Amino acid sequence: MKYADVILPLALPRNYTYAVPPEMEATIQPGSRVAVQLGKQKKYAGIVKSIHEQAPSAYKTKPIMDLLDKEPVVYPTQLAFWEWIAQYYMCNEGDVLNAALPAHLKLSSETILLYNDAFGDDFSSLDDYEYLLAEALLLRKELRIGEVQLILDRSDVYSVIKQLIEKKVCLVYEELKEVYKEKKENYILLNPAYEGDEALAPLFDELSRAPKQMELLLAYLHLLKTQGEVLQTELLKKSGASAAQLKGLVEKQILRVDKRTVDRIPMGKVETNMNFDLSPAQEKALAEVKASIAQKQVTLLHGVTSSGKTQIYVKLMEEALQSGKQVLYLLPEIALTAQIIRRLQKHFGGQIGIYHSRFSNNERVEIWNKVKNGEIRIVLGARSSLLLPFRDLGLIILDEEHDASFKQQEPAPRYHARDAAIYYASLFGAKVLMGSATPALESYYNAKQGKYGLVELQERFGGIAMPEIEIVDLKKELALKEVIHNFTSVLRQQIQRSLDMKKQVILFQNRRGYAPFLLCTTCGWIPNCKQCDVSLTYHKHQDKLSCHYCGTRYPYIYTCAACGSQTLLPKNFGTEKIEEDLQEMFPTARIARMDMDAIRNKDSHNKMIQLLEQQEIDILVGTQMVVKGLDFANVNLVGIISADSLLSYPDFRVNERAFQLMEQVSGRSGRRDGQGKVVIQASNTRHPILHFVTEHNYKAMYENEITEREQFGYPPFFRLVKVTLKHKKQQTVEQAAMILANWLRPHLGAQLVGPAAPLVGKVRDFYLQEMLIKLPRDSKRITQVKNLMKELFSQLLIEKQFRSVIIVPDVDCVQ
DNA sequence: AGCACGCCGACT
DNA sequence: GTCGGCGTGCTC
Ligand SMILES: [Zn+2]
Ligand SMILES: [Zn+2]
């Protein structure tokens with residue numbers, strides 16, 4: 001008898017073992033998607049991790065119900081990768097499956113209630129609830145659990161349903177149905193009997209009394225001649241004919257409708273255009289990268305902004321393709337713009353697949369399958385495309401490798417695509433090339449240590465100068481009363497100058513909304529979120545107060561809840577306020593705002609970029625979003641409204657992050673002519689980071705920071721695991737954290753920091769406690785401590801008072 | 001993630 | 001008293 005260990009799309013601590021029915025033995029494989037039952041009736045699609053002959057002794061197995069596909073949906077490589085992610089990032093394989101598999105390949109059954117017609121309609125034996133449900137069911141014939149909850153207006157509906165089943169009023173079944181649907185399109189074919197002009201001639205006579213059909217036929221013949229194949233939708237649209245007229249021609253057997261399965265992700269021609277030349281600096285860097293790749297698994301390309309890293313990637317991608325391997329090009333979701341897509345498509349045509357959150361679930365399934373069967377040679381995608389089922393990966397490119405969005409925050413698996421990519425690549429024997437103008441300290445350290453290869457490209461493409469940076473003293477200007485609406489005279493003049501020159505301006509402010517909080521000027525009260533310990537941000541556009549931690553929105557309030565006076569004022573400023581002030585100061589300028597709120601609907605990000613390209617926007621105000629990937633020739637001024645807020649986060653990475661941000665956003669200025677200017681407004685103009693930014697001196701920043709990291713035991717010298725505990729009661733979570741820390745401390749000593757409440761101590765009505773565990777870079781020790789942690793977590797959860805404490809480990813946490 | 005079971009507060 | 005919410009445990 002064979003058994004299969006099955007990964008289910010649930011947060012289960014281990015995989016479940018099912019019996020393989022004899023008839024399935026020949027076809028089932030690791031990676032196969034199977035339908036299994038879990039519990040009394042629920043069915044799920046799970047993935048077979050392994051097949052073996054060890055009968056479990058502790059429980060009796062259920063059989064696998066169904067093999068869902070002809071082919072496995074992942075290769076053993078992916079199963080190995082999932083196992084590593086689960087182990088390294090301290091989560092379940094089910095979590096990984098959930099993140100990896102497209103939604104439409106993940107199935108779970110739905111309970112459906114059916115009316116038992118044999119029961120008749122005598123409801124006299126039923127109580128009120130039963131009567132209500134029975135009547136609804138008689139009317140609707142079938143109901144889902146959610147509908148029953150609405151009808152009965154209560155969440156616990158199972159007791160009522162159970163009664164109705166017992167009384168034989170209803171039947172219940174579990175439906176596990178495929179959700180992925182192939183896309184079908186109707187092609188119109190000409191009856192072969194009418195092929196050729198001679199055969200067609202009698203048709204025109206025949207149709208002389210149906211002029212509309214004649215018209216349609218002529219339109220069809222025209223399309224057939226020009227395009228070879230004719231789609232029904234296109235024919236009707238172009239000819240203006242109705243479906244009825246088409247039906248007429250079909251009934252006369254002149255035309256035929258052929259329903260075909262079509263690709264949602266059509267692959268274009270496999271062609272490669274390398275019609276560009278590298279600069280001598282790029283050539284040199286390319287040669288060095290190649291030499292490095294030959295020796296090391298991972299190479300870091302440190303190239304200043306606008307140095308032409310993408311062209312180097314393109315050359316390397318071409319080489320990988322030529323050796324028959326697949327390529328993965330990862331970049332931050334926000335940098336995955338139409339611009340870069342077009343650019344790569346120009347070079348690689350139809351071999352590229354794009355993968356990001358904008359695709360529909362059906363499209364994702366098709367991309368998944370095309371990556372698996374090798375039709376897609378290159379994937380250009382954000383973090384989650386690392387989890388695609390590559391068949392033979394040769395190269396992973398990680399652009400903007402310093403970017404924090406490569407780390408998944410919520411939910412598990414909280415993986416870092418940079419680190420996970422290195423492991424994934426190793427499974428294929430593939431190479432990894434990471435690129436950035438401002439590498440993560442960890443990466444640069446690894447490169448300097450010789451663990452990674454290091455290639456430096458210090459010259460902007462075309463020998464263009466780096467932008468000139470001016471630090472403006474906010475305090476001094478404030479004293480001189482020169483600051484209007486957070487804009488110093490220097491920044492205002494520079495903006496005016498750019499506008500006069502018909503150039504474009506990018507302004508950076510790291511908070512969205514209008515004001516981060518409201519303040520009662522009479523008593524000092526600040527409106528907070530009901531569920532979170534945080535002030536509400538004022539969004540003027542929506543006229544709402546909104547919590548940036550839980551997303552709850554509240555109507556704007558005018559009256560102070562503490563003293564009753566109507567003296568609430570917006571305090572501090574976000575992008576909306578900047579936008580408004582700009583409009584006031586530069587009334588004729590065309591101003592746009594780019595932040596999470598502004599690009600909420602689907603295509604607005606790309607549209608805004610297009611407007612910028614076409615110079616329909618003069619000034620762009622934005623958050624982090626304006627920092628990445630934007631490449632506009634006409635921008636000659638970048639303004640950072642407040643460097644102070646960037647430099648004052650309570651995070652050991654503040655300086656690194658602030659430098660990266662300012663250097664990257666600076667890089668948007670003067671990308672073609674080298675006449676770029678950057679104005680940074682700051683109160684503390686002496687901050688060392690500002691000087692490093694002024695000099696574009698990454699290495700000085702690195703040297704400065706790395707010493708501190710070593711001294712205080714932070715990455716790259718130590719790995720960090722952040723453990724967050726959550727509970728509805730503050731006292732419970734504090735006690736739990738204290739107890740857990742006391743258990744851990746003997747093993748860790750000073751390598752345990754905390755526990756303490758985070759800055760925002762309550763989110764969504766859960767009180768939080770955090771502790772930080774610092775682990776030396778020694779994989780044995782790391783595994784040992786992780787195992788200890790897991791053990792202590794379960795020990796804590798055994799105690800009845802702490803059962804409902806939620807423990808969230810975050811390995812290699814960022815911030 | 002469901003779903004069953006059991007304990008406890010609040011309405012008839 | 002019972003109804004219904006919610007916390008807790010279990011699913012191969
Ligand atoms: Zn007040
Ligand atoms: Zn909130």
Side-chain angles (χ1 to χ4, degrees), chain A residues 1-21 24 28 32 34-66 91-99 101 103 105-113 127-133 143-166 172-176 179 410-413 726-729 732-733 736 765-766 794 796-807:
Chain A
M1 188 66 182
K2 295 219 169 175
Y3 297 90
D5 289 346
V6 176
I7 309 172
L8 291 164
L10 306 170
L12 298 170
R14 37 166 293 135
N15 296 325
Y16 283 179
T17 305
Y18 287 85
V20 179
M24 226 181 267
I28 196 167
S32 292
V34 289
V36 294
Q37 193 175 69
L38 181 69
K40 279 202 172 150
Q41 43 187 15
K42 208 79 196 156
K43 296 173 200 163
Y44 289 95
I47 287 187
V48 174
K49 168 124 184 242
S50 59
I51 296 163
H52 54 84
E53 300 201 6
Q54 291 162 274
S57 51
Y59 49 87
K60 68 175 193 340
T61 53
K62 288 192 169 102
I64 290 175
M65 303 170 80
D66 227 336
C91 65
N92 310 297
E93 284 184 75
D95 291 326
V96 187
L97 181 151
N98 261 326
L101 222 55
L105 291 181
K106 288 185 280 185
L107 314 176
S108 68
S109 66
E110 195 168 18
T111 308
I112 293 175
L113 302 187
D127 74 13
D128 289 355
Y129 275 120
E130 291 163 19
Y131 180 83
L132 202 61
L133 179 52
L143 290 172
R144 273 129 226 275
I145 296 290
E147 297 171 314
V148 177
Q149 285 169 332
L150 286 176
I151 289 164
L152 300 186
D153 189 28
R154 56 188 269 188
S155 57
D156 182 19
V157 293
Y158 300 103
S159 52
V160 182
I161 292 170
K162 213 170 150 187
Q163 282 302 307
L164 285 187
I165 294 169
E166 256 167 45
V172 55
Y173 84 102
E174 285 288 321
E175 186 183 50
L176 184 76
V179 271
E410 202 68 28
K726 310 183 188 186
H727 196 268
K728 295 229 172 195
K729 290 200 200 91
T732 308
V733 74
D765 280 329
F766 277 87
S794 39
L796 184 76
L797 296 179
I798 289 171
E799 310 223 354
K800 49 200 168 307
Q801 39 176 331
F802 300 132
R803 293 258 156 108
S804 50
V805 174
I806 299 167
I807 305 176

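By convention in this document, chain letters (A, B, ...) are assigned in the order of the sequence lines, proteins followed by strands, and residues within each chain are numbered from 1. Quick caveat: nothing in here was measured; it's all calculated off a predicted structure.
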(message) Counting only heavy atoms from other residues, nucleotides and ligands, does the tally under 6.0 Å from CG of A:Asp153 exceed 12?
(response) no

(request) May I ask you to say what A:Tyr59 touches in the nucleic acid, namely base, sugar-phosphate or nothing, with a heavy-atom cut-off under 4.0 Å? (result) base

(message) Nearest to the A:Arg154 side chain among C:dG5, C:dT8, B:dC3, which nucleotide is it?
(response) C:dG5

(message) According to side-chain hydrogen bond (donor to acceptor under 3.5 Å, both in side chains), who are the partners of A:Lys43, at least two apart in sequence or on a separate chain?
(response) none

(message) Please check: side-chain N/O of A:Lys106 versus main-chain N/O of A:Ala45, any donor-acceptor pairing under 3.5 Å?
(response) no

(message) Which residues in residues 36-44 of chain A have a heavy atom closer than 4.0 Å to any atom of DNA chain B?
(response) A:Lys42, A:Tyr44

(message) Does a side-chain N or O of A:Arg803 approach OP1 or OP2 of C:dT8 to a distance below 4.0 Å, or not?
(response) no

(request) Enumerate the residues from residues 8-19 of chain A whose closest heavy atom to DNA chain B is under 4.0 Å, giving them by residue number; use none for an empty result. (result) A:Leu10

(request) Have a look at A:Ser108 and say if it touches a base, only the backbone sugar-phosphate, or nothing, with a 4.0 Å heavy-atom cut-off. (result) nothing

(request) Please check if any side-chain donor atom of A:Thr111 sits under 3.5 Å from a side-chain acceptor atom of A:Glu174, or the reverse. (result) yes

(message) If you compare all heavy atoms of A:Ile64 against all heavy atoms of A:Tyr18, which two are closest, and at what distance to 0.1 Å?
(response) CG1-CB, 3.6 Å

(message) Is there a side-chain contact between A:Ser155 and the phosphate of C:dG4, meaning an N or O under 4.0 Å from OP1 or OP2?
(response) no

(message) Distance check needed: C:dG7 P versus A:Lys726 NZ, whole Å only.
(response) 16 Å

(message) Whether A:Tyr158 contacts B:dA4 is assessed here as follows: a side-chain N or O lying under 4.0 Å from the phosphate OP1 or OP2. Is that the case?
(response) no

(message) Can you confirm whether the side chains of A:Asp95 and A:Asn92 place a donor and an acceptor under 3.5 Å from each other?
(response) yes

(message) For A:Ile798, is there any backbone N or O sitting under 3.5 Å from a side-chain donor or acceptor partner on A:Arg803?
(response) yes

